[in-house]
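No hydrogens, no waters, no symmetry mates; every other heavy atom, side chains included, goes into these values. Not measured: the values here are computed from a predicted model. Along the sequence shown, the residues carry numbers beginning at 1.
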Amino acid sequence: MLNPVKKGPDSFYMRKALSLALKAKDPRPNPYVGAVVVKNNKIIATGFHKKTGAAHAEIVALNKAAGRVQGATLYITLEPCSHFGRTPPCTDKIIESGVKEVIVGMRDPNPLNNGKGINLLRRAGIKVKTGIRQTECRKMNKVFMKYTRQKMPYICVKAGQSLDGKIATRNFNSQWITGKPARDFSHKLRSNFDAIMVGVNTILKDNPRLSGTSKNIKIIADTKLKIPINSNIFIDGKIIIVTAKKITDNKAVKLIKKGAQVITVERKSGKVHLRQMMRELAALEISKILVEGGGELIGSLFDEKLVDYAMFFTAPKIIGGKNAVSSVSGKGVGGIDEVIKLNNIETKKIGEDLLIEGDVKFLPA
């Protein structure tokens with residue numbers, strides 16, 4: 001939800017641009033961007049970026065305002081691009097349009113453009129103001145910021161656990177710890193992500209289908225290619241299996257024939273190299289991943305400081321037992337002063353269960 005309108009026309013019109021940006025259903029891996037053209041204190045045109053490959057927000061707005069742009073002000077949530085990508089540079093169109101001023105919400109985090117678009121506009125004699133509702137613009141595009149700066153996907157981990165942090169009993173029974181309302185809510189989350197990821201142990205123990213939307217890619221971290229050929233995940237959808245075994249391995253060949261894409265990465269501590277895996281996935285334009293388990297994969301991602309957001313659905317149940325499966329395994333921290341914290345925490349009750357979620361905050365290395 002956007003913050004209340006602050007005093008001043010710049011803040012008001014940028015808020016409108018932010019609202020427009022959020023109309024896009026799925027622009028990933030591109031950012032959410034909205035634009036508003038204002039002349040004589042009136043909005044004469046608006047636009048937003050719909051999806052990758054489509055016209056950028058400012059171009060949509062300027063085209064709508066054709067013939068009326070001279071002397072107008074353009075409000076844009078993200079710095080206009082100055083380089084060729086899937087579309088031509090937006091700065092050229094803005095300069096040609098006759099706009100007298102451009103108000104920018106945030107700089108483009110993409111190193112190819114960062115500050116260059118703003119400088120080009122200023123050199124062309126256009127007045128540029130930056131940083132209007134910058135915090136909201138950055139929050140809206142936190143996935144894009146990580147993806148462009150670090151060449152890594154934005155990672156959200158999700159777990160359904162008991163009150164004592166267990167996701168399965170000592171006999172690996174896990175269905176169902178959380179209630180149906182929480183499971184339904186959790187299932188709908190998948191539509192907000194490019195991909196769903198689990199470790200191979202989740203496949204071996206639960207044999208889930210991992211069905212989401214038609215756009216969801218199913219990713220399995222499987223160091224030794226233990227995944228059975230007849231697993232339910234092969235019923236539908238695109239599947240990527242990340243392993244440390246060679247592609248020429250007989251099992252890998254069978255999986256490829258089954259329709260899966262197999263990616264090989266190095267080993268680290270006897271498992272797939274998680275950071276390398278994420279870079280490989282980002283190279284495939286996968287920018288936002290929902291990790292649904294199991295505890296070992298989630299714990300290892302925390303150990304490697306790769307998690308950006310966490311969602312824990314906690315049921316009012318106690319499983320107990322030192323051999324029961326924890327929602328977060330891995331190595332863990334050595335002292336309380338090293339604990340991983342959540343910021344910007346939100347809580348909500350879903351049926352009988354409680355969802356606690358927030359941005360993951362790691363201590364500096």
Just checking Lys188: does its NZ atom have more than 12 heavy atoms from other residues, nucleotides or ligands closer to it than 6.0 angstrom?
no
Do Asn173 side-chain atoms and Thr169 backbone N/O form a donor-acceptor pair below 3.5 Å?
no
Students often mix this up, so state it plainly: with edges at 30° and 60°, are the rings of Tyr75 and Tyr13 parallel, tilted or perpendicular?
tilted
Looking only at heavy atoms, which two atoms of Phe193 and Leu189 are closest? And how far apart?
CD1-O, 3.2 Å
Determine yes or no for a side-chain-to-main-chain donor-acceptor pair under 3.5 angstrom, with His49 supplying the side chain and Ala55 the backbone.
yes
Enter the distance from Leu301:CG to Asp303:CG here, rounded to the nearest 0.5 Å.
9.0 Å
Can you tell whether the side chains of Lys158 and Glu357 come within less than 4.0 Å, N to carboxylate O?
no
Within 6.0 angstrom of Asn343 CG, more than 12 heavy atoms from elsewhere:
yes
Rounded to the nearest 0.5 Å, what separates atom CE in Met197 from atom SG in Cys156?
12.5 Å
Under the side-chain hydrogen bond (donor to acceptor under 3.5 Å, both in side chains) rule, what do Asp164 and Ser162 come out as? Steps first, then yes or no, please.
CA-CA 5 Å; Asp164 53 338; Ser162 63; 2.4 Å; yes
Let me check something: do Leu225 and Ile247 share a hydrophobic cluster, defined by ILVMFWY side-chain heavy atoms less than 4.5 Å apart, either directly or through other members?
yes
Check for me, please, whether Ile229 and Val198 land in the same ILVMFWY cluster - side-chain distances under 4.5 Å, paths through other members count.
yes
Residue pair Val128 / Arg122: nearest heavy atoms and the distance that separates them
O-NH2, 3.1 Å
More than 12 non-hydrogen atoms from neighbouring residues, nucleotides or ligands closer than 6.0 Å to CD on Gln261, yes or no?
yes
Between Thr148 (side chain) and Phe144 (backbone), is there a donor-acceptor pair under 3.5 Å?
yes
Between CE of Met106 and SG of Cys137, what distance do you get to the nearest 0.5 Å?
7.0 Å
Would you say the side-chain atoms of His187 pair up with the backbone N or O of Leu210, donor to acceptor, closer than 3.5 Å?
no
Do the side chains of Ile59 and Val69 join up, straight or via other hydrophobic residues, at under 4.5 Å, putting them in one cluster?
no
If Ile, Leu, Val, Met, Phe, Trp and Tyr residues are connected whenever their side-chain heavy atoms lie under 4.5 Å apart, and connections chain through other members, are Val325 and Leu204 in the same group?
no
Carefully, step by step, assess Glu280 and Val242 under the rule side-chain contact (heavy atoms from CB on, under 4.5 Å).
CA-CA 9 Å; Glu280 294 284 347; Val242 184; over 6 Å; no
Could you tell me whether Lys245 and Asp222 make a salt bridge, using a distance below 4.0 angstrom between a side-chain N and a carboxylate O?
no
Do Asp194 and Ser287 pair up side chain to side chain, a donor and an acceptor below 3.5 Å, judged on atom types alone?
yes
Say whether, by atom type as modelled, one donor and one acceptor occur between the side chain of Glu58 and the main chain of Ile94 under 3.5 angstrom.
no
I'd like to know if Lys224 pairs up with Asp249 as an ion pair, taking the criterion as any Lys NZ or Arg NE/NH1/NH2 lying under 4.0 Å from an Asp or Glu carboxylate oxygen.
no
NZ of Lys218 to CD1 of Ile239: how many Å apart, nearest 0.5 Å?
5.0 Å
Just wondering, do Thr52 and Arg28 contact through their side chains at under 4.5 Å, heavy atoms?
no
Are Met152 and Arg275 close enough, and set up right, to give a side-chain contact (heavy atoms from CB on, under 4.5 Å), and what steps lead you there?
CA-CA 8 Å; Met152 301 270 278; Arg275 193 167 293 272; 3.8 Å; yes
Could you tell me if the side chain of Val102 sits less than 4.5 Å from the side chain of Lys127, heavy atoms only?
no
Tell me if a side-chain donor or acceptor on Lys349 pairs with a main-chain N or O of Gly351 at a distance below 3.5 Å.
yes
Can you tell me if Ile235 has over 12 outside heavy atoms packed within less than 6.0 Å of its CD1?
yes
Are any non-hydrogen side-chain atoms of Ile356 and Phe313 less than 4.5 angstrom apart?
no
Step by step, would you call Ile132 with Gln134 a side-chain contact (heavy atoms from CB on, under 4.5 Å)?
CA-CA 5 Å; Ile132 307 301; Gln134 180 174 259; over 6 Å; no
So, do Val157 and Phe302 sit near enough that their side-chain heavy atoms are less than 4.5 Å apart?
yes
Between the side chain of Ser231 and the main-chain N/O of Ile233, is any donor-acceptor distance below 3.5 Å?
no
Note: Asp308-Lys146 ion pair, threshold 4.0 Å (strictly below)
yes
Does Leu78 share a hydrophobic cluster with Val143, counting links as ILVMFWY side-chain heavy atoms below 4.5 Å and allowing steps through other members?
no
Within the structure provided, determine whether Asp206 and Ser174 are in side-chain contact (heavy-atom separation under 4.5 Å).
yes
Specify the closest pair of heavy atoms between Leu62 and Lys93, including all atoms of both residues, with the distance to one decimal.
CD1-CG, 4.0 Å
Contact check, side chains of Met311 and Leu355, non-hydrogen atoms, under 4.5 Å:
yes
Carboxylate-amine/guanidinium proximity below 4.0 Å for Glu292 and Arg190:
yes
Apply side-chain contact (heavy atoms from CB on, under 4.5 Å) to the pair Tyr147 and Ile286, showing each step before the final yes or no.
CA-CA 9 Å; Tyr147 178 71; Ile286 296 172; over 6 Å; no
With rounding to the nearest 0.5 Å, note down the distance linking CG in Asn230 to CG in Asn207.
7.5 Å
In terms of side-chain geometry, is the basic nitrogen of Lys116 or Asp108 positioned less than 4.0 Å from the acidic oxygen of its partner?
no
Note: Pro208 and Thr202 closest approach over all heavy atoms is CD-O, 3.5 Å
Please round to the nearest 0.5 Å and tell me the distance separating atom CD1 of Ile350 and atom NZ of Lys180.
13.0 Å
Heavy-atom nearest pair, Ala35 first then Leu20, reads O-CD1, 3.5 Å
When every non-hydrogen atom of Lys305 is compared with those of Phe362, the smallest separation belongs to CA-CZ, 3.5 Å
Just so I know, are the side chains of Ile126 and Ile95 near enough to count as touching, which here means a heavy-atom distance under 4.5 Å?
yes
Does Glu136 pair with Arg133 as a salt bridge, N-O distance under 4.0 Å?
yes
Is it true that the side chains of Asp359 and Asn344 contain a donor and an acceptor less than 3.5 Å apart?
yes
Starting from the C-alpha separation in whole Å, work towards a yes-or-no answer on side-chain hydrogen bond (donor to acceptor under 3.5 Å, both in side chains) for Asn113 and Ser82.
CA-CA 6 Å; Asn113 189 48; Ser82 60; 2.6 Å; yes
Side-chain heavy atoms of Thr243 within contact of Ile263, under 4.5 Å:
no
